[in-house]
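Values reported hereafter were calculated over all heavy atoms of this structure, with side chains retained and with hydrogens, waters and symmetry mates removed. We name chains A, B, ... by the order of the sequence lines, and we start the count at 1 in each one. Everything numeric in this text was worked out from a predicted model, so none of it was measured.
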2 protein chains.
Amino acid sequence: MSQATVSLVLGEKWPGRVSERTVETVRAAARDLGYRPNLAARSLRLGRTRTVLLVVPALTTEFFARVYTGAERVAADNGFGVVLYPSPEGVGPARDPFDSARASLDGVIASSMAADALVAVRGGGLPLVMLDSDPDDAAAAATVNLDIADGARQVAEHLLGLGHRRVAHLAAAVDSWTFRVRARALAETVDGVPGAALSAEPAGLSVEEGRRAAERVLARPGPRPTALVCDDDILAAGACKAARRLGLRIPDDISVTGFDDLALATAVEPELTTVRLSAEAVGAAGMRALMTLLDGETPQDTVLPVDLLRRGSTAPPPRL
Amino acid sequence: MSQATVSLVLGEKWPGRVSERTVETVRAAARDLGYRPNLAARSLRLGRTRTVLLVVPALTTEFFARVYTGAERVAADNGFGVVLYPSPEGVGPARDPFDSARASLDGVIASSMAADALVAVRGGGLPLVMLDSDPDDAAAAATVNLDIADGARQVAEHLLGLGHRRVAHLAAAVDSWTFRVRARALAETVDGVPGAALSAEPAGLSVEEGRRAAERVLARPGPRPTALVCDDDILAAGACKAARRLGLRIPDDISVTGFDDLALATAVEPELTTVRLSAEAVGAAGMRALMTLLDGETPQDTVLPVDLLRRGSTAPPPRL
DNA sequence: TTGAAAGCGCTAACAC
DNA sequence: GTGTTAGCGCTTTCAA
């Protein structure tokens, strides 16, 4: 029995070339011997690795863990593996993502938030799908976005509809497309209502920094905002803590909104009004786009819808 | 210039065999050409892949995302890559982890909670490090544990010291060593104090299920427990919600404790008294043990210390 | 100090 | 319908 025959059978390329009887023999032998193909050899021969790199800013945020989960599922369905490159937070020289990924790669999916790693990724010359990033960016063969602008608009309209006129935006202190979009859509919507005013305050992406930013906002001279729009749920949790420390009740005295709908959003009291972003869908759509690309076709840019979840942290502003 | 010379230089095996001048020439050329060694070929030749599989129950829980982060850091320092196998939650046939990992593997690190995947892992014949699992388990060449028993004891002593005598345990409905240890240590400590009683209530690992379990506990006939010990912070967040729905104040009417010290623990109000488990340290120690194993040495079993963080969710029980 | 050559395990083209 | 063979890119042994 030759190697070639075995390869044909195990690669499901035998119909019309190998007899049924031989096929059975091969399969039985493979099973009995516990045969496992050597992936390194296969990769070497084929020049493809069936491995994809996913570049995310950090895994410890539930959001990107979910993105990974969605991406991994689709990859597995296509016989691909996913290697993660969590771009190092803060200081320290970013390791070369292509070196860190011990495997050779067939393609890359990258979040726009993993800014540090992007330069290297762009230079990689590999098929690239960008997540949640500027669709006009020429580097990516495809982009998968959430309709973040619509989400921000829905938040603003919800709040304005409740009667809020002084809104403060706790804006993520991260220079990334997704946060710029939030700020712009929010500003446009609020500006569209006479007498409504928006202020912004930058905040690092943690509960603690969210709390401090909210305290700065609430300590400002002049009339206090009646609603705090936060760039994500973590910030919103921090904002709630700040409000409570100052003796303000949520939502009676002040409304708070988040983004993402993390587990956190329903763990806090009151539950957060937030914009649900389906992180798993982002990961899955990103991987699907990359698979299309690897098949030599051109994937469509995807924009995934988002919904506003009205929960307990928003209400009409207090009467004067 | 031959392949061999280049290989020697790039593999840092040249001293005494290649002239300094040639070394420089090779390095310059490699840089100019942007040469990247083909890992598949190297793996094929060496029979080792410098890739490790990390088996975790789910990434979307912050805890295991942190374990990955710690493991990945140590792996990268040793020139290894990490492939994740998040064992499928709930139903569905578990894919073969060795198939899912597209690379061939040099070793495996597995959490005891990823029960489904374990059978396949054990059969792999690869060096295996188990995380947070029974040290008597013979399958693993090494175990890395947290001193969970000590954590549970500290929680119990803290509560007993505050004067609590009726304690309920919201026990994770997962059959895993780590949770059995918590239950046992808690029971032993409470039993050591005359007049103190412990009851247990199983709960799925989510805020919602934690809330329901706590509601069951608090609705039981007879005197209400004055403290709720929860197997993790997520459950504790649910328990807090249950208490509040019943009009109980935390910690005045009832104390609540968690485990893990997730971001959630300080996001809720009041902040949770909890046992800090350093998930990153677990991942890092696990990877270090595996590296030792791959060097042909025998790693020590590791037990990492834990600390009780006393925060706002515990206080003396209400006076009768 | 450098080069030539073998071979890791696989797949695909081609010969039988 | 099956077998033979070349060669993917690398490391290592051995010869020059």
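Scored by the salt bridge (charged side-chain N to carboxylate O under 4.0 Å, His left out) test, A/Arg27 finds A/Glu12, A/Glu24 as partners (sequence neighbours excluded). By the side-chain hydrogen bond (donor to acceptor under 3.5 Å, both in side chains) test, A/Asp232 is found to be paired with no residue, residues two or more places apart in sequence or in another chain being considered.
For B/Thr178 and B/Asp132, the side-chain atoms include at least one donor-acceptor pair closer than 3.5 Å. Remark: the B/Thr22 side chain and the B/Ser19 side chain contain an N/O donor-acceptor pair separated by less than 3.5 Å.
Of all the heavy atoms in B/Val306 and B/Asp147, the pair that sits closest is CG2-O, 3.5 Å. Minimum heavy-atom separation, A/Ala284 to A/Arg73: CB-NH2, 3.9 Å.
Rounded to 10°, the helix from C/dT1-D/dA16 to C/dC16-D/dG1 has 50° between the axis fitted to its first five pairs and the one fitted to its last five.
If you take OH on B/Tyr68 and CG on B/Leu54, they are separated by 8.5 Å, rounding to the nearest 0.5 Å. In this structure, B/Thr61 OG1 and B/Leu262 CG are separated by 8.0 Å, a value rounded to the nearest 0.5 Å.
Residue pairs that meet the salt bridge (Lys or Arg N to Asp or Glu O under 4.0 Å) test with at least one member in residues 105-114 of chain A, sequence neighbours left out, do not exist here.
Dashed line: the shortest gap from a side-chain N or O of B/Ser2 to OP1 or OP2 of C/dT2 is not under 4.0 Å.
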Per-nucleotide protein contact string for nucleotides 6-16 of chain C, where B marks a base within reach and S marks sugar-phosphate only (heavy atoms under 4.0 Å, - for neither): BBBBBBB----
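For the segment residues 18-28 of chain B, the set of residues with a heavy atom within less than 4.0 Å of an atom of DNA chain C comprises B/Val18, B/Ser19, B/Thr22, in numerical order.
A/Arg180 has a carboxylate O that lies under 4.0 Å from a charged side-chain N of A/Asp175, or vice versa, which qualifies the two as a salt bridge.
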